[in-house]
Amino acid sequence: MNYDFREIEAKWQKYWAENETFKASNDSDKPKFYALSMFPYPSGAGLHVGHPLGYIATDIYSRYKRHKGFNVLHPMGYDSFGLPAEQYAIQTGQHPAITTENNINRYREQLDQLGFSFDWSREVRTSNPQYYKWTQWIFIQLFNAWYNKKSDKAENISSLISIFEKEGNANVEAACDDDVPSFDAATWNGYSDTEKQEILLKYRLTYLADTEVNWCPALGTVLANDEIVNGVSERGGHPVVRKKMTQWSMRITAYAQRLLDGLDKIDWPQPLKDSQTNWIGRSVGASVTFNIKGEEDTIEVFTTRPDTIFGVSFMTLAPEHELVAKITTPEQKAEVDAYVEATAKRSERDRMADVKTISGVFTGAYAEHPFTKEPIPIWIGDYVLASYGTGAVMAVPCGDQRDYDFAKHYNIDIPNIFEGVDISEEAFADKETTVIANSDFLNGLSYSDAMKKAIAELEKIGHGEGKVNYRLRDAVFSRQRYWGEPFPVYYVDGMPQMIDLEHLPLQLPEVEKYLPTETGEPPLGNATEWAWDTDKNEVVSNDLIDHKTVFPLELNTMPGWAGSSQYFNRYMDPRNDDAIFSPEAINYWQDVDLYIGGSEHATGHLLYSRFWQKFMFDMGYVPKDEFAQKLINQGMITGTSAFVYFTYYSVLEKGVTDEALVDKKFIFISKELYKKSLYESDNDLILLVKSHIDSELLNRIENDELILITPLNSVHADVSLVNASDELDVEAFKQWQPEYKDAEFILEDGKYIVGREVEKMSKSKYNVVNPDAICEEYGADSLRLYEMFLGPLEQSKPWNTAGITGVHSFLKKLWKLYATIEDKEPTADNLKTLHKTIKKVEEDVENFSFNTSVSTFMICVNELTSQKCTSKAILEPLAILVSPYAPHIAEELWSRLGHSESIAEAPFPKFEEKYLVESSKEYPISFNGKMRFKLELPLDMSKEDIEAAVLAHEKTKEQLQGRDPKKVIVVPGKIVNIVG
RNA sequence: GCCUUGGUGGCGGAACUGGUAGACGCGCUGGAUUCAAAAUCCAGUUCCUUCGGGAGUGAGGGUUCGAUUCCCUCCCAAGGUACCA
């Protein structure tokens, strides 16, 4: 009987679905294991072979854990809010919900084909109201919380209010806005309700603020920093400008330090941790306050080098700094204004691209050195960024290259404060290798001592303190989009009010148009029914807004990461309508044991999720403050593009203004011939082309009546038209694009050979391989094995369909091995092969080294085949070993072995060392570290006897050619090395 | 620039704590089977070679009896990040 994978795979997929084989229970005596793949955004293009890589890995591990006796949770869902469906809606008018539904159905079909052990009863969709009810709920929890720096955790806002009522805010240490006024209890209690709300908003973990945002006019929306790549939008590549808008923000900065510290206790890839560390950008230093001569105001700066305080020779403010207008002297005003205006006009992108040009203007004002009381000129310059630190720097040209360049350019003094260092050419930034000089009380101190001393002295005179600064900014949480979660918020007197949980979800309204309104409001501004009736507690028509009982609802929606920041916890209890999850569910599953997904989420999803998890932990909703213990980034599967090389002739009518086309033809040249022609003269190419032109036309060209154009070029060919030997299917290629129908082909050895290059998979490169065709031709088990066999999970690797025949024929061999199954005693060889395989596969799975276990299976089956093994005692455990990787064939073989139940819960075979014990070893005998021959010796032979046996061997004498060995190294059981 | 990861045959890639470099698969070569093809099976396949052997894991040094593995310098590629004070 042949290996009929189509029938087998369909049969078992149906069996698993009908029997709910992989449904996880929230109540079990078994230990729990939570394996999670990052849920996909269901795009219209469907899955390509790169997508399943991580899913297959998670699936193998899940199935393995199930064999190992764990209660496994392995869910799947969809991150189904997002821009593409909305843009499609703008173009076609089709509701994004319909587009999304269609795409999800296609994804589901493709996923089902691959035989994953997902518990589909737990599926979540972020765009589903029953799901986003809980996204809205979390938002409300964040609104009702503040961050107490004293307890170093988030607390309910009520604890803040009671402090205010008793003692005002003098002793409160909170993560809050910069502009909080100070007040005592009496003042607080005297505030109106709106005034109180206004102040509380400055403390809440999600708050409204006028923030400078990245506004993308083309998309009509705000983008987060991680949605911008090289100054343009990640999606679509549209320009982005800075703009002030009232936006919801998330006070993620409150968690900066804990997000940093938490990285130490999770097993995540180093590059990912480094990304997050850089993104958070902690720097330790001091804040220093400079008085301004003749002004009340002071300038506060942040510096990482307070030890260089005596090297300050000027200060630079960002052009946007609020003091600029105030301190500029009348003489300098015109110049300063012009500079500020010019800077404001330059886009963020220009400013980033141009880092070489030094520009700045003197304000005419002077600050005062906190210790020497010397005057320090205050400049403005666009190398200082308003958004980092305080938007002002104390410039120490001898110790910072940018300050140095600026000082040189404007002829500002560069005092040297480093002992024995030459600063005539460049600044000296190496802080560890010298001591401070010319610095009063810091003279002779090393960097670290000077640092401490400087901070202590600054504190003494009230001009500064030690400070830690973070690069991380609060996250803007508003988007001017339709297809996202609505905020559960309405406005009373301009103050945001939360809708009660019992009235959630607040569902997206229907709109006529998905674009921003004509007055520039977000798409929800198009809704006619978008007002909140506080009596009826429901959404009513906008016409009823009276600001007494009916109020306007928030028009922004939440960003893409809102729905994905707690989805992993929702899977634990996804149908719960009374809570985001029950305490029983979260206490049972705790956290994700294994999380697999792409590295592109390093500073987005994975940072925001950690932030929300820590918040949920503070509020006592979850037992762990990190949501995923281990994370693996699967590598990208790149495509192997195919290139065809061509020249073409365009024959044009001479002298006709429009250059009328008389004839045009493509001539495709096989790879090697093309390469050769690159080195030959143009003349040869023209001769080649001419040899393919109709003789009548040729005559007219020769007679100068027509013009001939012959460029040499290459273009992508669809990879499906090329076989494993890089040979192009010429006839299919002609059919592929109409313009190639009459093309000519210059072959080598009767074949047209294409060029190959590894590139990212993309439609436009015609190198996308989708899994459906492969499943159809070779089956899901082959695809699963092959994706794993390609190489290490974390490494990016090129897809090449050619190799799939290797794993496919392995499955056929495996199938054949089960043709006869007998109840007979296994041989010693059989047992050795089996147990060697158990050991290796178990180690490999634990190390996520799936590629090597596929090789191990191949070796095992090759060996058992040549041993003609038919013993059930061997074949039965082997089926279980294979089952996580190729589950369909394993199930089928399992049932042929006489089982009526699924293989899914069959216990993993136990490795027994005793079958691998050997009595002798084929020792590699090396000379000066190079293996020269092998010698079979008993394993229990003593070191001395081995040495004697080796030295007595004739090949040893041959190698030594009469020399005496200087030294003989014998490592019993491993190697013999002779030096001489 | 900085941070991270990597560099091994024609290709994808193996090699546990330093111990036989190139497992396994693809491709290629030859053979068997076949009227023929597909499929299948067998043998070979790092390079050079005067067939004795020699060289070899990006380059160059070092440690060691022994280095793909550890250390130093450099080169290249991919990813992240950047006037971050």
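All figures in this text were calculated on a predicted structure; none of them were measured in a lab. Reminder, nothing fancy here: chain letters follow the sequence lines and each chain counts from 1.
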For A/Ala427, does its backbone N or O pair with a side-chain atom of A/Gln401 as donor and acceptor, under 3.5 Å?
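Yes, A/Gln401 side chain to A/Ala427 backbone: donor-acceptor pair under 3.5 Å.
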Parallel, tilted or perpendicular for A/Trp379 and A/Phe406, by the 30°/60° rule?
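A/Trp379 vs A/Phe406 ring planes: perpendicular.
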Check the orientation of A/His601 and A/His605. Use parallel for under 30°, tilted for 30 to 60°, and perpendicular for over 60°.
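Aromatic pair A/His601/A/His605 classed perpendicular.
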Of all the choices, [options], which nucleotide is nearest to the side chain of [X] once you look at every atom?
{"X": "A/Thr852", "options": "B/A15, B/U40, B/A85", "value": "B/A15"}
{"X": "A/Thr303", "options": "B/G25, B/A85, B/G66", "value": "B/A85"}
{"X": "A/Asn977", "options": "B/A85, B/C3, B/C65", "value": "B/C65"}
{"X": "A/Ser855", "options": "B/A85, B/G27, B/C24", "value": "B/C24"}
{"X": "A/Ile975", "options": "B/G25, B/A85, B/U20", "value": "B/U20"}
{"X": "A/Tyr388", "options": "B/C83, B/C84, B/C3", "value": "B/C84"}
{"X": "A/Thr603", "options": "B/A85, B/U81, B/U40", "value": "B/U81"}
{"X": "A/Leu790", "options": "B/C83, B/G12, B/A14", "value": "B/G12"}
{"X": "A/Ser809", "options": "B/C26, B/C24, B/C83", "value": "B/C26"}

Indicate, with yes or no, if the rings of A/His369 and A/Phe310 have centres closer together than 6.0 Å.
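Close enough - the centres of the two rings lie under 6.0 Å apart.
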Looking at every strand, decide which applies to [X] at a 4.0 Å heavy-atom threshold: base, sugar-phosphate, or nothing.
{"X": "A/Asp400", "answer": "nothing"}
{"X": "A/Pro269", "answer": "nothing"}
{"X": "A/Ser599", "answer": "nothing"}
{"X": "A/Glu843", "answer": "nothing"}
{"X": "A/Lys813", "answer": "sugar-phosphate"}

Any side-chain N or O of [X] less than 4.0 Å from the OP1 or OP2 oxygen of [N]?
{"X": "A/Gln270", "N": "B/U5", "answer": "no"}
{"X": "A/Asn851", "N": "B/A14", "answer": "yes"}
{"X": "A/Arg932", "N": "B/U20", "answer": "no"}
{"X": "A/Lys812", "N": "B/U40", "answer": "yes"}
{"X": "A/Asn862", "N": "B/G25", "answer": "yes"}
{"X": "A/Lys967", "N": "B/C65", "answer": "yes"}

Rounded to whole angstrom units, what separation is found between the [atom1] atom of [X] and the [atom2] atom of [N]?
{"X": "A/Lys840", "N": "B/C24", "atom1": "NZ", "atom2": "C1'", "result": "11 Å"}
{"X": "A/Asp307", "N": "B/A85", "atom1": "CG", "atom2": "P", "result": "13 Å"}
{"X": "A/Trp279", "N": "B/U81", "atom1": "CH2", "atom2": "C1'", "result": "9 Å"}
{"X": "A/Met858", "N": "B/C24", "atom1": "CE", "atom2": "C1'", "result": "6 Å"}
{"X": "A/Arg282", "N": "B/C3", "atom1": "CZ", "atom2": "C1'", "result": "18 Å"}
{"X": "A/Arg471", "N": "B/C2", "atom1": "CZ", "atom2": "P", "result": "18 Å"}
{"X": "A/Leu272", "N": "B/U5", "atom1": "CG", "atom2": "C1'", "result": "13 Å"}
{"X": "A/Met636", "N": "B/G79", "atom1": "CE", "atom2": "P", "result": "7 Å"}

Please measure how far the [atom1] atom in [N] lies from the corresponding atom in [M], and state the result in whole Å.
{"N": "B/U33", "M": "B/A38", "atom1": "P", "value": "16 Å"}
{"N": "B/A59", "M": "B/G9", "atom1": "P", "value": "10 Å"}
{"N": "B/G66", "M": "B/G19", "atom1": "P", "value": "14 Å"}
{"N": "B/U64", "M": "B/C11", "atom1": "C1'", "value": "35 Å"}
{"N": "B/U8", "M": "B/G22", "atom1": "C1'", "value": "8 Å"}
{"N": "B/A32", "M": "B/C16", "atom1": "P", "value": "41 Å"}
{"N": "B/C74", "M": "B/U4", "atom1": "P", "value": "15 Å"}
{"N": "B/C41", "M": "B/G25", "atom1": "P", "value": "11 Å"}

Working to the nearest 0.5 angstrom, can you tell me the gap between A/Leu260 CG and A/Arg282 CZ?
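Here the interatomic distance stands at 7.0 Å.
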Quick check for you: to the nearest 0.5 Å, what is the distance between A/Glu777 atom CD and A/Leu783 atom CG?
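Here the interatomic distance stands at 12.0 Å.
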Only one of A/Trp815, A/Phe810, A/Tyr818, A/Tyr778 clears ring pair (Phe, Tyr, Trp, His ring centres under 6.0 Å) with A/Tyr3; which?
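Output: one option passes, namely A/Trp815.
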Just name whichever nucleotide pairs with [N], Watson-Crick or G-U, keeping both distances under 3.5 Å, else none.
{"N": "B/U5", "answer": "B/A77"}
{"N": "B/U34", "answer": "none"}
{"N": "B/A43", "answer": "B/U29"}

Which pair of heavy atoms, one from A/Thr603 and one from A/Leu607, lies closest together, and at what distance?
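Smallest interatomic distance, heavy atoms only, reads O-CB, 3.8 Å.
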More 5' along RNA chain B: A/Met931 or A/Gly803, using each one's nearest nucleotide?
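That would be A/Met931.
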First of A/Gly389 and A/Lys934 reached from the 5' end of RNA chain B, by closest nucleotide
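Going by which nucleotide is closer to the 5' end, it is A/Lys934.
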